[in-house]
Each structure stands twice: as structure tokens, then as C-alpha cells.
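Excluded from the calculations below are hydrogen atoms, water molecules and symmetry mates; all remaining heavy atoms, backbone and side chain alike, are included. Below, chain A is the first sequence line, B the second, and so on; all start at residue 1.
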Protein chains: 2
Amino acid sequence: MSAISITGESTEMYLKSIVELEMLTAPPVAISHLAQRLGVSSPSVLEMVKRLAVQNLVTHTPYKGVSLTERGRRRAMAVLRRHRLWERFLVDALHLPWETVHDYACQLEHATAPAVTDALAAFLGNPTACPHGNPIPDAVGDVQPSVAVPLLELPVGQSARLAHIIYEEAILLEYLARRGLVPGARLMLEDIAPYQGPLMVRVDGSEHPAALGREIAARVFVLPD
Amino acid sequence: MSAISITGESTEMYLKSIVELEMLTAPPVAISHLAQRLGVSSPSVLEMVKRLAVQNLVTHTPYKGVSLTERGRRRAMAVLRRHRLWERFLVDALHLPWETVHDYACQLEHATAPAVTDALAAFLGNPTACPHGNPIPDAVGDVQPSVAVPLLELPVGQSARLAHIIYEEAILLEYLARRGLVPGARLMLEDIAPYQGPLMVRVDGSEHPAALGREIAARVFVLPD
DNA sequence: AAAGATAATTAGGATACCCTAATTTAAGGA
DNA sequence: TCCTTAAATTAGGGTATCCTAATTATCTTT
């Protein structure tokens, strides 16, 4: 409303989280999942979701969940584009460590005008993927769909190449990187423990197989040979 | 307070405005001046100033005005540093037009972590001035003081070189640029109209002298020969 | 089909901003 | 010194965003 007020930063954070969750689980996205992802209470999320619904950015089905409208999806893709471009910039130009750039990009993504976004993309040579392997939407918000599958769904004994990692928190990325799990790494699923037990993954160039919990394995996407 | 909330963006905008106003007029800064600069009502400014005072960022003397504390000055300088570094980046790397980058930098300056700021400075070759000629504070917040004087105070007939322009709104910069008034330009003050009348400035390479209002002339700093 | 568990929603509050209108203070000229 | 005026302050509201505790709906399980 004024020169000072923040221009829909919350809105963008919600839209981004929704689009990310829609990629993992089929829409609609549960209020509680959003709440967990954003670190905010369910009533707060519900309230915000209602505000987003009024603006025609999401559809809320009571007791079911939220899905993005076309308008909301476009806005979310624009955020994702800015986020991943900044990540490329922070790694390629500023030489900041791979695992740390996600958080910095989360701040910059909300402070970037369209003209800056386009100029940044050109400066970087219009890259098509962020440093974690995730595709960068183009200027109209289109992404080429990934054919990679979650590591969780890779058959045992099947070798594959790591394509991308979603939900790029620094902690997770550091953990994976220390085990050689970076985009492009060759790996093979050796074993899956029963119940909610870990997956044993042999990474090329590593001495020991890595043990990954299922939560983690669901975020690592691979391209089988 | 939460993962979503905005981390003191307002705070930084206030501190930045205060430091800028302190450079023009002697401290303390009047509440009404701040209000005008920020485009916000006086009661709002007063309220915010009280919040800043509680955090030991400013000192408020009732009915007198505001001054930055040492802590506040450091914070303000950090904002100024980020702002001017981003301006350099937007001009030098992204090749965006000189007059437009101020507004973009105003957004980015609040979304830049210290590690990013330092890496950005290194990437740019640790520049010492922004594209509008204003000095970039170093990592500890020190600036070399400028010896430039406001154009308003230049004696008639004295030739000089344009050093820097403060308060870099796009409108003002475009106006000046169209008249050849960019940092480094050679100029001479030809005449000053009485009362609040304009200054007549002859710019090297321009056909006609430019007429500048006093509000504007107070923002243009020059180095007399 | 009833009961229990889980998720969603409502109720009731808090804080950081913002605003207008009314009042008070300070400062300078008659 | 007193009065006028401009600036500062107080009073009283508004919205967006967050929270906890209480209630209600849905789903699962016996």
C-alpha cells in the first residue's frame, strides 16, 4: 500500500511451496504439508490460502487442500525461475559453495524485477538447469518435464545417474555431497531395507555404500541407464 | 519471528534514509523530512523511530529529531554498500541503463546476505564508487569522505567536474543525463537567478546551458578545478 | 456402524506496519 | 512578551501475518 510495504513476499513464498509440493504429491496439497514446509501453523496457512484464493491464485477445497490456478502457477514458475537463475549466478559468477546458495537465492528471488531477471538470464547464457540439476523455467514459465525418477523407485541392482535434487536445504545438500551424491554422479541401488528402513546406494568413486533414509531418497531423482 | 516474516526490511529502509538525510543537513533529522522521503505519514515515522530507538539504532530527541547511533550507522552503511554494489553489477555486468538501476538496487539491497555481499564485491573488483559517483563503503562501513561541494555552492564562473549525484531516483537521473550531467562531466556555473530561481549551468559538449532548480542543484556534487 | 485418530477449521489474540484527525509544543515575529 | 504557525505528538483505527486452544470433519479401523 505504501512506498515501504513489502510487495507480496509472503504470497510468492506460498506459491513456490505449493508448486514444489504439487511436484512431489498429486494435487491438491494438504494444508498441513504446506504448514510443515513453511514452518508456520495450519491456521495461519489456511488464512493465507483464503487470501490467495480471493486473488485467484489458488483453489481451496475445504477439508481437501489447495491447488494452483493457471495464474498461480505462472507466478510460482516466475519465482522458481528467479530462484534458479540466482543459484547459477551465485555458483558460477560468485563462486559460492554449491550447498549454500539455496538460502541466499530464497532471499534474492523476491527482490528481482522482470528486467533484472531477463538480463541475468542473458548474462548467464540462458542456462537450463540450476546447480542442483533442477530445470529453469523459461521466460513464459514453461519447463521441459523431467523424465528422472525418484531414487526410491529405482529397482535394486539398477545403475543410474543422479539428475536432480529437490527441496535444496543446505543440510541435505551437504549430507549428500559428502557422499558423492551430486548431479551427474553415477550410482547403483544395492539394497532396500524393509519397513521404513534405509536404501543402500553405491556411488561411483566412494569407498562405502551410502545409507539414505526414505525421506531423503524421495528427493533425489535419477536417470536409469 | 517465523520462517516467513520479513527480516527488518522496513528497518533498513529507515536507517538508509536517515543516513542519507544526515549527509545533507546536519543531524538530528526531522521526523517530517523522513516522512517526506519515505512517502509515509509523520505519525507512522514517529512510531517506527520509537521502535528503532528501543533497538538502539537511533536516538530520538522529542520535538527535535532523530540521529543514528553507532550501531545504526553501521547497519545503514551496510545497506548503502549493498545498494551501490548492486548498482555496479546491474550496470557493469547486466548492462542495464544507468538511470534505471537505482530502483532495482533498492529491492536487492535488503535481500543480500553478508557472504553474498563480499563475493559480489570481489566479483566486481572491489569498486569504490557506484555508477552515480557515490562512494561504496568498505566491508567495515567506512567511506572516504568526499571533498565535492553541492552545485548550489559553486561560485558563478567557476568551472568544475561533476563528482556524484545523491538521491538517485530514475526521473532525476534521466533529466540530468539528457542534459549531459553525468559523473565526470565538465561544467561551469553561468548564473544564479535570485530568490528560488534556477541555476544556469553550461555543460561541456552541450549546445545550450541547462536550467536547474535549487532542489536539484543541491543533489549534484562537483569538484571545482 | 461406531469409535478413535488425524487433519481442518473456527475463535480469539498479538505485533508490525500503515493512516487520518485532533491536540500539543516550540520557535519566531509583532 | 504574546501570538501565530509549523512541526511533533497522541488518539483511535485498519490490514497482513503470525500464534494457541478449542471444535468439527473426515477417514480408518474394529
Flag the pair [X] and [Y] as a salt bridge only when some basic side-chain nitrogen lies within less than 4.0 angstrom of an acidic carboxylate oxygen.
X	Y	value
B/R84	B/E109	no
B/R82	B/E87	no
A/R178	A/E99	no

Test your reading of the model: is there a side-chain donor-acceptor pair from [X] to the backbone of [Y], 3.5 Å cut-off?
X	Y	result
A/S17	A/L34	no
A/R71	A/Q55	yes
B/T61	B/K64	no

Whole-Å distance between [N] [atom2] and [X] [atom1]?
X	N	atom1	atom2	value
A/E12	D/dA16	CD	C1'	16 Å
A/L46	D/dA16	CG	C1'	15 Å
B/E9	C/dC17	CD	P	10 Å
B/L38	C/dC17	CG	C1'	13 Å
B/I31	D/dT10	CD1	P	11 Å
A/Y14	D/dA16	OH	P	14 Å

It should be established whether [X] places a side-chain nitrogen or oxygen under 4.0 Å from OP1 or OP2 of nucleotide [N].
X	N	answer
B/S32	D/dA6	no
A/H33	C/dA7	no
A/R51	D/dT17	yes
A/K50	D/dT17	no

#### Entry: Protein proximity profile, nucleotides 20-26 of chain C - base contact B, sugar-phosphate-only contact S, no contact -, cut-off 4.0 Å on heavy atoms
BB---SS
### Message
So that I know where these two stand, are A/F89 and B/F89 an aromatic pair - ring centroids less than 6.0 Å apart?
### Response
yes
### Message
Both A/E47 and A/T61 contact DNA chain C. Which one's nearest nucleotide lies toward the 5' end?
### Response
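Closest to the 5' end, via its nearest nucleotide, is A/T61.
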